[in-house]
Amino acid sequence: MNLTFTDILFIIVILFLVASGVIFYLRTQRAKEIRELENRKDEMMSISIADQLFTLKNMDLAGQTKRKYESLVATWQTLTNFQFTEIEAMLVGAEQYSEQMNLMKAKTALSEARDLLDETEVQVHDLHDELTALLKISEDNHERNEALLERYNTARKSIMNHSFDYGPAIETLEKNLQYLELNFTRYNELTTAGDHIEADDMLNTIEADLGSLEDILEKLPSMYNKIKKDYEDALEDILDGHKKMLESHFNFEGVDVPEKAEEIQEKLNEAKNHIKNADLVDAQTLMDKADREINSLYDFMEAEIEAKNYVNTHINQLRARFEEVRENNRYAGIEVDRIAQSYILHENEVDQISELTEQIDAEYGRFTDTAGTIEADGAVFTQVAEQLSRIEKNLNEYDSKQQKIVKDLGQLNAREREAKTNLDSYELDLRNMKRRLEKQHLPGLSSNYYELFYKVTDEIEYLSKQLNRVRIDMVEIEGLEKQLAENLNKLDELTESTVDSATLTEYMIQHSNRFRFDYPEMDQAIHEAEYLFYDEFRYDEALNVIEKALYRVDREGPTQVRRMYQQEKQNRIF
């Protein structure tokens, strides 16, 4: 493509115009950014920090407050002398670079100015907040002091007007008031001197001490009252109850109740001393220990009372229970002897009953010994109650064992009747199998069949013989019955298989006769099947031979024969 001089000149003009437009746009953007940063700088410099510093300068400051003021002045001087000047220089440089068409340097200068301006703005606002707080601290302190004085006067009136409620602790409380008065005086001195920060710290101390005093004034009367009305009254109640229980022949073996009550009283006295010194935490710890020990003593004594009630209620019931269990055991012995005349026993039931008799007698001996301690007025009833409970538990276990023995032996007769009923059923099943085979008019049966048939017959006769003995062994009988049932099942399956195979062989031969003249191999298979059927009584093998031969000449033949036989069999069943 060939360009004329005019074309080239036109392209150059277009490019120049585009470049000029881009440069103009960028210069405009830089100028806009410079103005925005200058506005931010002016707003930042307009914050009234200088006025705040001037106000503080004219105040009579001292101590921490003066040092804080001097630190803030130094910070402001650093900002004005260095950072403000540097920001101004960066903005002027950016403007010069922009006018010189050095747009990249102008962008860099603006970025640096923006970062420094962001940092300086944060410092200026923090300085303003600190100055504001410093100017306001005197006013805040005055308001806090007035509120604390009001609380102090309320506490002081309470102590003066209700000194009786605070008991021996009144001296400690008055000392706390004196400390607070000294701190208020110190606050006034610091405020007058112009050290408002130190005065604020003193108010914090006053507020903490006053809060502790108010807490003491609130809790102290109730703690005194709790010791006197709850704990010491409870100790008197315990000692009075202990005396009456001794008169009622209670025995507190190994536990000296008056001594324990005295130990608790010592803890309460120590708690009173802590309250006197306003050490409420230590006092509460001792009171909590005393509370737990008082409850423990109450529980101990109440347990003896409850145990005595239990013993008095159950002693005669347990004596009657012994008579009941002994009678049950006597009956169990008679039952075992009676059943042993008709059945052979395998669990040493006679010895078990004898052993239970000895255990019951031994338990009764322990019972009479325990009852003797009650009559001698030397019983610790919690121990007696525990012994009676243990005796009753053992007695119930012995009774359960003997009842189980009688129950298990009582099932022997039902098991015998069930075995005889099953024997009749086995004999009937065997006769039905025999009749079924006779109906088939089979030429004979295999030796395996006869062997299993005669084995079942012998087992039925042997089971019948065992059931007719004077003393029968049900364990042996049930074992024989289980073996007989398994063999009878096998015989039933073998009978079913024999009848099915024999009948299917006959049907297959009938169906195959139509092919014997056309297929010599079919005629040979029929002869072989008939030999196995009539001469060897091997019906399964005969069926296998004829079915395979028929399948080779008529693939649907065996299926049709089997389907016909199954339908006929179902109709016969229903």
Side-chain angles (χ1 to χ4, degrees), residues 324-357 359 396-440 445-446 448-500 569-570 572-574:
E324 180 184 353
V325 173
R326 279 178 161 173
E327 179 60 25
N328 291 343
N329 196 61
R330 189 185 68 80
Y331 170 76
I334 294 172
E335 271 300 286
V336 170
D337 288 340
R338 182 185 67 78
I339 293 171
Q341 295 175 13
S342 302
Y343 299 94
I344 296 173
L345 307 182
H346 291 272
E347 301 295 333
N348 297 321
E349 284 84 354
V350 175
D351 293 340
Q352 286 188 54
I353 293 297
S354 177
E355 183 179 350
L356 285 172
T357 302
Q359 291 172 335
N396 289 335
E397 288 180 1
Y398 302 149
D399 193 35
S400 296
K401 286 181 180 178
Q402 64 192 15
Q403 289 184 27
K404 184 178 185 305
I405 292 172
V406 172
K407 180 180 178 181
D408 291 344
L409 294 181
Q411 294 174 353
L412 288 172
N413 187 255
R415 288 160 63 188
E416 179 187 0
R417 290 197 304 272
E418 183 180 1
K420 287 181 177 179
T421 300
N422 291 341
L423 178 62
D424 293 339
S425 177
Y426 298 149
E427 290 175 341
L428 179 61
D429 289 345
L430 187 64
R431 286 196 297 270
N432 288 337
M433 289 181 210
K434 186 177 179 182
R435 282 199 297 270
R436 185 177 176 191
L437 288 173
E438 289 172 350
K439 287 181 180 179
Q440 298 299 318
L445 295 168
S446 66
N448 290 339
Y449 187 90
Y450 280 120
E451 180 181 349
L452 183 58
F453 182 86
Y454 291 131
K455 183 178 182 180
V456 170
T457 302
D458 292 343
E459 287 176 348
I460 288 175
E461 291 178 358
Y462 185 73
L463 178 59
S464 176
K465 181 179 178 182
Q466 294 302 309
L467 282 169
N468 288 320
R469 293 175 62 183
V470 176
R471 289 182 71 221
I472 65 176
D473 187 344
M474 283 308 302
V475 173
E476 179 189 9
I477 285 171
E478 286 171 347
L480 293 172
E481 185 182 354
K482 180 180 178 182
Q483 185 61 43
L484 173 58
E486 290 176 359
N487 289 332
L488 193 63
N489 250 355
K490 293 178 183 177
L491 184 62
D492 185 52
E493 291 172 0
L494 185 57
T495 302
E496 184 78 9
S497 173
T498 299
V499 171
D500 287 345
K569 188 176 181 180
Q570 290 296 323
R572 188 165 61 247
I573 291 173
F574 291 109

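These values consider heavy atoms only, across backbone and side chains, with no hydrogens, waters or symmetry-generated copies.
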Using modelled atom types and a 3.5 Å cut-off, is there a donor and acceptor pairing between side-chain atoms of [X] and backbone atoms of [Y]?
| X | Y | result |
| --- | --- | --- |
| N468 | S464 | yes |
| T421 | R417 | yes |
| R471 | S342 | no |
| N422 | E418 | yes |
| R436 | T495 | no |
| E416 | I472 | no |

Are a donor atom and an acceptor atom from the side chains of [X] and [Y] found within less than 3.5 Å of each other?
| X | Y | result |
| --- | --- | --- |
| D399 | Q402 | yes |
| N432 | R435 | yes |
| Y462 | Q466 | yes |

Tell me the closest heavy-atom pair linking G410 and I339, and the distance in Å. N-CD1, 4.2 Å

Can you name the closest pair of heavy atoms from E349 and H346 and give their distance? OE1-N, 4.0 Å

Check the pair K420 / D424 against salt bridge (Lys or Arg N to Asp or Glu O under 4.0 Å), numbers first and verdict last. CA-CA 6 Å; K420 287 181 177 179; D424 293 339; over 6 Å; no

Candidate pair Y343 and N413, rule side-chain contact (heavy atoms from CB on, under 4.5 Å), full reasoning: CA-CA 9 Å; Y343 299 94; N413 187 255; 3.4 Å; yes

Answer whether the closest heavy-atom distance between the side chains of Q483 and E486 falls below 4.5 Å. yes

Begin from the C-alpha positions of L480 and L484 and carry the test side-chain contact (heavy atoms from CB on, under 4.5 Å) through to its verdict. CA-CA 6 Å; L480 293 172; L484 173 58; over 6 Å; no

Under-4.0 Å salt bridge between K490 and E493: no

Determine, for E496 against K569, whether the closest basic-nitrogen to carboxylate-oxygen distance falls under 4.0 angstrom. yes

Could you list all the side-chain hydrogen bond (donor to acceptor under 3.5 Å, both in side chains) pairs where at least one residue sits in residues 451-461, not counting sequence neighbours? E459-N487

Would I405 and L356 satisfy side-chain contact (heavy atoms from CB on, under 4.5 Å), going step by step from the backbone distance to the final call? CA-CA 11 Å; I405 292 172; L356 285 172; 4.3 Å; yes

